[in-house]
2 protein chains.
Amino acid sequence: MGSDNYASEGLMKVAVDAVVFSIIKGDLNILLITRKYPPFKGQCAIPGGFVRKEESLEAAAKRELTEETGVKDIYLKQIGAYGDVNRDPRGRVISIAFLALISPDHDLKATSDALDAKWYPIDELPKLAFDHGAIIKHALQDLRFEIQTTNIAHQILPKRFTLTQLQQLYESVLGKRLDKRNFRRRVLEMGVLKETSETFMEGAHRPAKLYVFREQKYAPLKERLQVFV
Amino acid sequence: MGSDNYASEGLMKVAVDAVVFSIIKGDLNILLITRKYPPFKGQCAIPGGFVRKEESLEAAAKRELTEETGVKDIYLKQIGAYGDVNRDPRGRVISIAFLALISPDHDLKATSDALDAKWYPIDELPKLAFDHGAIIKHALQDLRFEIQTTNIAHQILPKRFTLTQLQQLYESVLGKRLDKRNFRRRVLEMGVLKETSETFMEGAHRPAKLYVFREQKYAPLKERLQVFV
DNA sequence: CCAAAAGTGTTGGTTTTACACCCATGG
DNA sequence: CCATGGGTGTAAAACCAACACTTTTGG
């Protein structure tokens, strides 16, 4: 960083935006709000807002997400900064984007801003405000990488889950079918899961064993789950 | 992004910083400047500075790099935003970091700011200003990934190069030795190189074939060069 | 003819893929 | 006893890691 004229240079608006993914009926969805004021009034956008002086970028993203959608207590991973000169018609705004993968049963409260937050399947996204279309595209690439290299899956699954649920999650995120036997063998050999003594029963068939993640916080995996994209 | 009180919120300083890598005598080096003014006067830092109203983040990083070090015309890859509240003692500054891999024979001009830019081997880095130590650590991880998944190597190599030069580059970046036969087989099978009819001769031994990258611009590779870290 | 780096294949072990049937349960 | 999804093993193919000698040149 230069030492030159600190006072005048570089002042601009800094925002954060969150691309929040979930799986609904087997399809990957994204949480969007509808803008009630210009610019892009009536169009959809990913939730976000301006960073305050005294909060970190991640804290700002969490706060805005809660304010606009009611979603809280989730892990956000930074995916990059978007800073094209004309990305916001109001003036120069730099946005730092984050991604998350959460359970769809977080309550989407009607918010103070009267923005309504809704889930949209990723292959039926509406036209998006700002450069949010590009941000989402990058976020999806990033998510496909994340799910194979970290335990981010634990954010979306119930504490205890079946291997079939886990596999369906991977299939939805990666957008392709996986072989049941190979998937189970690999995920178990990696040692990131722990078998519980409980089972899950639903419908007229054999009950499924329930598993938990060994690491309950977001953490990188030792090896990559070699499923690729 | 919220629609609320656009005028007042989110205003802060935005900077860019560039972690520029090169190989000097087989060792991975980083380009640092010495700060001539407070804060962190006399300490080393990665080159960077504030973003101007009318330039993109990448353009700002390129401009600052040229101003401070003389290095120009290089590809910069964004690696993330650093926004901790107290990362800059002057006040709130968000910094967007970039990385590059360049040839060491870019001239390091004595700059207008009288900052001198010098190369430092990565295992002999001085104490660094701001959070630049952390930024460099992330940049190195990122570089090790980049070199296996993109043709970023073409930035540092001469247009035509030998396979031995390419292999030494990989070894320096990854910090480990690679098997000559396996390396050559894989890199050729990937099809990112094109053999030329020329050879390179130096010293009393068999001349080496010269190769060029098929893609002359930064581009992701179809497959990953499976060397890992 | 010596030194030096360029160039080149094979083998054994490991990993990955593809693939089909039996099990436990509720109705 | 039927329908449903849970659970399991194996063989062939692909891939990866380890390894040493011949070639071409200049001095």
Side-chain angles (χ1 to χ4, degrees), chain A residues 23 25-26 144 147-149 157-158 160-172 174-212 221-229, chain B residues 23 25-26 144 147-149 157-158 160-172 174-212 221-229:
Chain A
I23 310 290
K25 299 197 217 304
R144 287 181 169 159
I147 203 170
Q148 297 182 62
T149 55
L157 293 168
R160 286 161 298 151
F161 52 87
T162 67
L163 293 183
T164 300
Q165 287 176 293
L166 185 66
Q167 180 176 345
Q168 285 168 349
L169 168 59
Y170 275 74
E171 290 179 339
S172 299
L174 297 174
K176 68 174 178 192
R177 316 261 4 236
L178 303 173
D179 179 89
K180 178 160 70 160
R181 280 171 290 191
N182 294 337
F183 179 81
R184 292 159 100 97
R185 180 175 40 247
R186 273 182 235 169
V187 82
L188 290 174
E189 276 170 0
M190 284 178 60
V192 294
L193 301 184
K194 209 162 59 186
E195 196 176 316
T196 69
S197 54
E198 290 133 292
T199 56
F200 175 72
M201 167 119 329
E202 167 204 59
H205 55 84
R206 182 169 175 175
K209 283 190 207 146
L210 287 166
Y211 293 80
V212 296
L221 305 179
K222 305 236 167 45
E223 345 161 36
R224 166 188 204 119
L225 183 61
Q226 199 67 27
V227 170
F228 259 167
V229 191
Chain B
I23 311 290
K25 298 196 217 305
R144 286 179 171 160
I147 203 170
Q148 296 181 62
T149 54
L157 293 168
R160 283 161 299 151
F161 51 89
T162 67
L163 293 182
T164 300
Q165 288 176 293
L166 185 67
Q167 180 176 345
Q168 284 168 350
L169 168 60
Y170 274 76
E171 290 178 340
S172 299
L174 298 174
K176 68 174 178 192
R177 316 262 3 240
L178 303 174
D179 179 88
K180 179 160 69 159
R181 282 170 290 189
N182 293 338
F183 180 81
R184 292 159 100 96
R185 180 176 39 249
R186 274 182 233 168
V187 82
L188 290 175
E189 275 171 0
M190 282 178 60
V192 294
L193 302 184
K194 210 162 57 186
E195 196 177 316
T196 70
S197 53
E198 290 132 292
T199 57
F200 175 74
M201 167 121 326
E202 166 203 60
H205 55 85
R206 180 169 176 174
K209 282 189 208 145
L210 287 166
Y211 292 80
V212 296
L221 304 180
K222 304 235 169 43
E223 344 160 40
R224 165 186 206 123
L225 183 61
Q226 198 68 25
V227 170
F228 260 164
V229 189

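Values reported hereafter were calculated over all heavy atoms of this structure, with side chains retained and with hydrogens, waters and symmetry mates removed.
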For the pair made of [atom1] in [X] and [atom2] in [N], what is the distance, rounded to whole Å?
X	N	atom1	atom2	result
A:Asp179	D:dT10	CG	C1'	13 Å
A:Gln167	D:dG5	CD	C1'	12 Å
B:Gln165	C:dG7	CD	P	11 Å
A:Met201	D:dA3	CE	P	20 Å
B:Lys180	D:dC19	NZ	P	16 Å
A:Arg177	D:dG5	CZ	P	12 Å
B:Arg206	D:dT23	CZ	P	9 Å
B:Glu195	C:dG7	CD	C1'	11 Å

Identify which nucleotide among C:dT25, D:dT25, D:dG6 has an atom closest to any side-chain atom of A:Ala208, counting heavy atoms from C-beta outward. D:dG6

Side-chain atoms of B:His205 come closest, of D:dG7, D:dA3, C:dA4, to C:dA4

Taking only N and O in the side chain of [X], is any of them less than 4.0 Å away from OP1 or OP2 of [N]?
X	N	value
B:Arg181	C:dG7	no
A:Arg186	C:dT17	yes
B:Lys209	C:dA5	no
B:Thr164	C:dA5	no

Hey, which of these two, B:Asn182 or B:Thr162, hits DNA chain C nearer its 5' end, going by closest nucleotide? B:Thr162

Got B:Thr164 and B:Arg184 here, is their nearest side-chain heavy-atom distance under 4.5 Å? yes

Using a 4.5 Å cut-off on heavy atoms from C-beta on, say whether the side chain of A:Leu174 contacts that of A:Gln148. yes

Taking for A:Arg185 and for A:Tyr211 the nucleotide of DNA chain D with the nearest heavy atom, the one nearer the 5' end belongs to A:Tyr211

Please find the pair of heavy atoms, one from A:Phe200 and one from A:Leu210, that lie closest to each other, and give the distance. CB-CD2, 3.7 Å

Closest approach of B:Tyr211 and B:Leu163, non-hydrogen atoms and distance? CE1-CG, 3.5 Å

Step by step, work out the side chain to side chain contact (heavy atoms under 4.5 Å, CB included) result for A:Leu225 and A:Tyr170. CA-CA 11 Å; A:Leu225 183 61; A:Tyr170 275 74; 3.3 Å; yes

